[in-house]
Amino acid sequence: MKRLILILLLFPFVAIGQTYEDIISIDSKEQFIRIGAENGYEVMENNGNSVKLALDPTYEENEVVGAKAFAEFGTGGNSIAVVFTFWKEDLWTKKSYDDIFSIVKEKHKFLEIFENITYYAVNEKTEIGFKIEKGWCNVVIGKKN
């Protein structure tokens, strides 16, 4: 019974984190929004080829002034870019970043460090980068179609 209570208490926190599989599978704006919604993100902005999401946003006068995490999607030409930004001080969002980084570092080849972002090759069309700056952990995904 104690284990069941512990599982029920932890479930909501575990459910909010992105996984490596989630972020690598993003190949369209619709899929980005779906994965975001499944992980508790709210759409802040949806303009043509770009979308911005926030996890547990805080509002001030109907404006988002903070969140545990943010996500952005954009397209240009024949490529897409996705950025997940996790608040370093939040245990659960930082764990998402750490888990994704661990998998990428183990499975994929290091490419380069460019503008303080460490990039890895996922395949010939996909790169993923990592950067920690000013309390935020960033995961940057670039895909060519």
Side-chain angles (χ1 to χ4, degrees), residues 6-145:
L6 181 61
I7 289 169
L8 291 173
L9 288 173
L10 290 177
F11 181 76
F13 298 113
V14 174
I16 66 170
Q18 273 63 59
T19 65
Y20 167 78
E21 290 80 14
D22 283 344
I23 65 171
I24 293 302
S25 72
I26 296 170
D27 61 6
S28 68
K29 181 173 117 172
E30 293 75 20
Q31 190 170 18
F32 172 75
I33 292 170
R34 180 187 59 79
I35 288 171
E38 289 172 354
N39 285 282
Y41 283 77
E42 295 179 26
V43 175
M44 295 178 359
E45 190 176 304
N46 187 350
N47 297 326
N49 294 332
S50 67
V51 179
K52 293 182 181 180
L53 309 174
L55 178 64
D56 294 335
T58 54
Y59 294 91
E60 196 170 286
E61 297 180 19
N62 295 328
E63 296 264 338
V64 175
V65 294
K68 290 181 180 179
F70 293 94
E72 294 184 47
F73 174 93
T75 61
N78 65 346
S79 62
I80 65 170
V82 179
V83 179
F84 284 92
T85 305
F86 304 100
W87 180 236
K88 185 178 176 182
E89 301 301 319
D90 183 84
L91 174 68
W92 301 108
T93 58
K94 176 67 165 77
K95 182 177 179 345
S96 292
Y97 173 87
D98 290 342
D99 290 349
I100 295 165
F101 180 71
S102 293
I103 290 169
V104 170
K105 191 173 175 184
E106 180 182 313
K107 287 185 167 189
H108 303 295
K109 180 183 174 193
F110 167 78
L111 283 176
E112 66 178 336
I113 297 174
F114 180 72
E115 295 185 9
N116 294 324
I117 302 173
T118 305
Y119 285 97
Y120 292 82
V122 174
N123 57 44
E124 63 279 348
K125 292 185 175 186
T126 306
E127 295 179 356
I128 187 166
F130 300 90
K131 178 180 181 179
I132 298 177
E133 181 179 54
K134 297 180 182 176
W136 293 95
C137 304
N138 301 284
V139 178
V140 180
I141 301 103
K143 288 188 172 190
K144 297 175 188 168
N145 293 332

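The figures that follow rest on heavy atoms only: side chains count, while hydrogens, waters and symmetry mates do not. Keep in mind that what you see is a predicted model, and the values were worked out from it rather than measured.
- Annotation: K52, atom NZ; neighbour count of heavy atoms from other residues, nucleotides and ligands within 6.0 Å does not exceed 12.
- Looking at Y120 and V122, their side chains never come closer than 4.5 Å, going by heavy atoms from C-beta outward.
- Looking at residues two or more places apart in sequence or on another chain, you find a side-chain hydrogen bond (donor to acceptor under 3.5 Å, both in side chains) between E42 and Y59.
- With values rounded to the nearest 0.5 angstrom, K94 atom NZ is found 13.5 Å from W136 atom CH2.
- Residue pairs meeting the salt bridge (charged side-chain N to carboxylate O under 4.0 Å, His left out) criterion with at least one member in residues 127-140, sequence neighbours excluded: K131-E133.
- In terms of heavy-atom proximity, A67 sits nearest to P57 at CB-CA, 3.9 Å.
- Rounding to the nearest 0.5 Å places CZ of F70 at 9.5 Å from CG of L55.
- T58 OG1 to D56 CG: the interatomic distance, rounded to the nearest 0.5 Å, is 9.5 Å.
- Scanning all heavy atoms of the two residues, the minimum distance from G135 to W87 falls at O-CE3, 3.1 Å.
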Expected list for residues 102-111: side-chain donor-acceptor pairs under 3.5 angstrom, two or more places apart:
from	atom 1	to	atom 2	distance (Å)
S102	OG	D98	O	3.0
H108	NE2	Y20	OH	2.5

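- Between V139 and F86 there is a side-chain heavy-atom pair separated by less than 4.5 Å.
- The closest side-chain heavy-atom distance from I132 to Y97 is below 4.5 Å.
- The aromatic rings of F130 and F101 sit perpendicular, their planes meeting at an angle over 60°, well past the 30° parallel limit.
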*Determine, step by step, whether L53 and F73 satisfy the side chain to side chain contact (heavy atoms under 4.5 Å, CB included) criterion, reporting the C-alpha distance in whole Å, the side-chain angles of both residues, the deciding distance to 0.1 Å, and the verdict.*
CA-CA 9 Å; L53 309 174; F73 174 93; over 6 Å; no

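- At a threshold of 4.5 Å between non-hydrogen side-chain atoms, the residues K143 and K125 do not count as touching.
- For N123, the side-chain hydrogen bond (donor to acceptor under 3.5 Å, both in side chains) partners are T126, not counting sequence neighbours.
- Residues satisfying the salt bridge (Lys or Arg N to Asp or Glu O under 4.0 Å) criterion with K144, sequence neighbours excluded, are absent altogether.
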Could you give the side-chain donor-acceptor pairs of residues 24-32 under 3.5 Å, partners two or more places apart or in another chain?
from	atom 1	to	atom 2	distance (Å)
S25	OG	E21	O	3.2
S25	OG	D22	O	2.8
S28	OG	Q31	N	3.1
K29	NZ	N46	OD1	2.9
K29	NZ	G48	O	2.7
Q31	OE1	D27	N	3.3
Q31	NE2	S25	O	3.2

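- One finds the CD1 atom of I80 at 8.5 Å from the OG1 atom of T75 (value rounded to the nearest 0.5 Å).
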